[in-house]
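The block underneath contains the structure these notes are about, expressed in structure tokens.
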Amino acid sequence: MSKENSADNTLKQLLGIMPGTKNDTAFDVIGAALFTGGFLQSITSKYPKYGVPETKQVGQIGAMFPGKITGIESQYVSDLAKQADISSKSAEQSMIARGIVDKDVLAGAKGQYEAGLSGAYATAKTALAKAKLGAQTTLNNALTSYYSSIVDKQFKSQLDQMASRVGIWGTLGGMAGSAAMSLKNPAKVKSRPSASNVGQTSSQDTDFILPSVGDREVL
Amino acid sequence: MLPAIGAALMIGGTLASALQKRPKADTSSLDAIAGMLEQNYKNIGDYFNQAEGDLATQYGSFYGNEMESAVNALAGSGVFDSPVSEKALQKKRLALAETFAGAKSQLAGQKMQAIAGADSQRIAYLNQLANANYQESMADYEQRKNMWGTIGSLGSSLTGGK
């Protein structure tokens with residue numbers, strides 16, 4: 001092939017599409033549509049984001065945990081109150097059985113018992129508070145580990161996304177530049193082959209005439 | 001003939017590479033972990049319900065036995081006066097209440113720690129899942145991008161040159 005035809009080494013040549021024909025125009029339209037469609041899909045494709053649904057679930061776990069712990073604590077206090085009530089009634093019945101029926105005496109005994117209970121429960125409540133803090137710390141460690149890992153990965157994902165976008169726009173810019181240059185320096189218009197010039201090997205219309213034996217080494 | 005074969009190979013190769021099926025990641029192990037975690041929560045609930053029921057039953061027996069022993073000890077010591085024996089029994093009741101509160105507190109603390117542990121395991125699992133899902137999404141994105149990029153290149157080839 002000659003130098004001025006080197007830019008014409010396209011698929012259309014392989015398919016034997018002649019320039020200026022209806023097929024040539026049709027393929028230009030198809031090609032432009034495929035190129036535009038391919039480019040638009042490339043730039044509009046949604047780049048995946050790291051860990052969005054999982055982070056939401058982790059947030060829910062973190063938010064629900066204090067409620068679970070408070071529930072256990074409330075149940076504990078309720079159970080203690082129930083037991084204290086049972087013990088108090090048992091003590092009152094025991095006193096009545098022993099002949100202590102004076103209401104003031106009974107009320108006083110009950111008051112003393114309940115006052116004594118706060119002292120009895122103090123150690124247990126302190127231990128429970130310590131366990132509550134320990135449990136919260138365990139969860140906080142897990143949350144911290146997760147969020148630290150996710151921040152790093154999300155940042156890398158955004159960097160990769162930026163690189164991908166830069167590549168796409170860079171490709172478009174390069175192709176636009178090539179197109180602009182080709183419009184500035186248009187290739188010579190080649191004449192359509194006719195019966196009178198088939199077999200001729202002039203430089204002006206070598207492109208669209210099947211090469212003769214002597215031209216094979218050029219190809 | 002050769003140009004036609006070349007064109008066919010070019011188009012065929014382009015389309016084959018664009019439509020290549022990508023392998024799917026095997027997430028069966030992560031699914032198994034999710035199942036185990038759900039079972040873990042259930043086991044924790046069942047265990048502590050059982051433990052609390054057992055504690056209530058055992059404490060009831062323990063309380064009765066201890067009070068009976070206390071009464072017998074007082075009678076054995078010749079203490080029959082009601083106010084005096086009542087004061088001694090009151091102290092016994094408070095001591096038993098303290099024992100009960102301690103046992104309940106231990107059980108409640110263990111339950112809190114068990115739930116924190118289960119939630120921590122779930123968070124670790126979600127970290128693994130996020131990684132696996134992201135890789136899956138990225139593979140899908142790359143496949144689509146390559147497919148459309150290849151189609152765009154094919155279009156560019158068709159319009160190239162005059």
Side-chain angles (χ1 to χ4, degrees), chain A residues 7-8 10-12 14-16 19 27-28 30-35 37-39 41-42 45 47-48 50-51 54 57-58 61 65 68-69 72 76 79-80 83-84 87 91 94-95 98-100 112-113 116-117 120-121 123-125 127-128 131-132 134-135 138-139 142-143 146 149-150 187, chain B residues 3-4 6-7 10-11 52 59 63 67 82-83 85-86 89-90 93-98 100-102 104-106 108-113 115-117 119-120 122-124 126-127 129-131 133-134 137-138 140-141 144-145 148-162:
Chain A
D8 298 340
T10 64
L11 180 58
K12 279 194 285 188
L14 284 173
L15 292 170
F27 269 82
D28 279 344
I30 292 168
L34 288 175
F35 173 74
F39 174 73
Q41 282 292 334
S42 290
S45 285
Y47 198 89
Y50 191 94
E54 291 82 12
Q57 285 187 54
V58 168
I61 291 171
F65 184 77
K68 290 181 196 175
I69 299 304
I72 295 170
Y76 169 75
D79 289 345
L80 286 190
Q83 188 59 39
S87 293
S94 170
M95 282 194 286
R98 291 168 193 279
I100 303 171
Q112 279 182 351
Y113 178 67
L117 276 179
Y121 290 165
T123 308
K125 284 184 176 175
L128 185 62
K132 182 180 175 183
T138 300
L139 187 76
L143 288 170
Y146 177 85
S149 143
I150 213 105
Chain B
M10 184 177 169
I11 294 171
E52 280 160 10
Y59 179 74
Y63 181 89
M67 289 306 292
S82 291
S85 62
E86 201 47 49
L89 290 174
Q90 188 88 306
R93 288 189 197 98
L94 287 172
L96 287 170
E98 191 174 344
F100 177 76
K104 278 293 253 186
S105 163
Q106 228 180 11
Q110 284 171 358
K111 190 173 181 181
M112 286 177 183
Q113 198 59 42
I115 288 175
D119 281 351
S120 299
R122 186 159 180 83
I123 289 169
L126 286 170
N127 200 359
L129 188 66
N131 198 38
N133 284 342
Y134 180 69
S137 299
M138 273 305 296
D140 192 44
Y141 170 80
R144 280 185 285 113
K145 194 180 89 169
W148 288 112
T150 305
I151 289 170
S153 300
L154 187 63
S156 175
S157 299
L158 286 172
T159 56
K162 282 288 175 206

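Below, chain A is the first sequence line, B the second, and so on; all start at residue 1. Predicted model, so just to flag it, every value in this text is computed and none were measured.
By the side-chain contact (heavy atoms from CB on, under 4.5 Å) test, B:A97 pairs with A:Y113, A:L117, A:Y121, sequence neighbours left out. Applying the ring pair (Phe, Tyr, Trp, His ring centres under 6.0 Å) rule to A:Y50 yields the partners B:Y134; only residues at least two apart in sequence or on another chain are considered.
Taken to the nearest 0.5 Å, the OH atom of A:Y47 stands 7.5 Å off from the NZ atom of B:K145. For the atom pair CG of A:L143 and CD1 of B:I123, the computed distance is 4.0 Å after rounding to the nearest 0.5 Å. Rounding to the nearest 0.5 Å gives a distance of 9.0 Å between CG of A:L34 and CH2 of B:W148. One distance of note links CD1 of A:I69 with CD of B:Q113; it measures 8.5 Å at 0.5 Å rounding.
In terms of heavy-atom pairs under 4.5 Å with chain B, the best-connected choice from A:G37, A:A84, A:A131, A:G38 is A:G38. When the candidates B:G109, B:G149, B:S120 are compared by the number of heavy-atom contacts under 4.5 Å with chain A, B:S120 comes out ahead. Taking chain A as the reference chain and counting heavy-atom pairs below 4.5 Å, the highest number among B:A116, B:S105, B:A95 is found for B:S105. Looking only at heavy-atom pairs under 4.5 Å with chain B, the residue among A:G134, A:A120, A:G116 that has the most is A:A120. Contact count versus chain A (heavy atoms, under 4.5 Å) is highest, among B:D140, B:N131, B:L89, for B:N131.
With hydrogens and angles left out, the side-chain atoms of B:N127 and A:E54 include no donor and acceptor closer than 3.5 Å.
A heavy-atom distance below 4.5 Å is not found between the side chains of A:Q41 and B:I151. Side-chain atoms of A:T138 and B:D119, non-hydrogen and from C-beta on, never get closer than 4.5 Å to each other. A 4.5 Å side-chain heavy-atom check between A:S87 and B:Y63 finds at least one atom pair inside the cut-off. A:L139 places none of its side-chain heavy atoms less than 4.5 Å from the side chain of B:I115.
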Check against side-chain contact (heavy atoms from CB on, under 4.5 Å), A:Q83 and B:K104: CA-CA 11 Å; A:Q83 188 59 39; B:K104 278 293 253 186; over 6 Å; no
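In this structure, the portion of A:K68 lying under 4.5 Å from any heavy atom of chain B is its side chain and not its backbone. Of the atoms belonging to B:A108, heavy atoms from both backbone and side chain fall under 4.5 Å from chain A. Heavy-atom distances place the side chain of B:R144, and not its backbone, under 4.5 Å from chain A.
Here the closest heavy-atom approach between residue B:F100 and residue A:D79 is recorded as CE2-O, 4.1 Å. The two residues A:P48 and B:S137 have their closest heavy-atom pair at CB-CB, 3.5 Å. When all heavy atoms are compared, the tightest approach of B:Q90 to A:A91 is OE1-CB, 4.3 Å. Closest approach of B:E86 to A:S94, counting heavy atoms only: OE1-OG, 3.6 Å.
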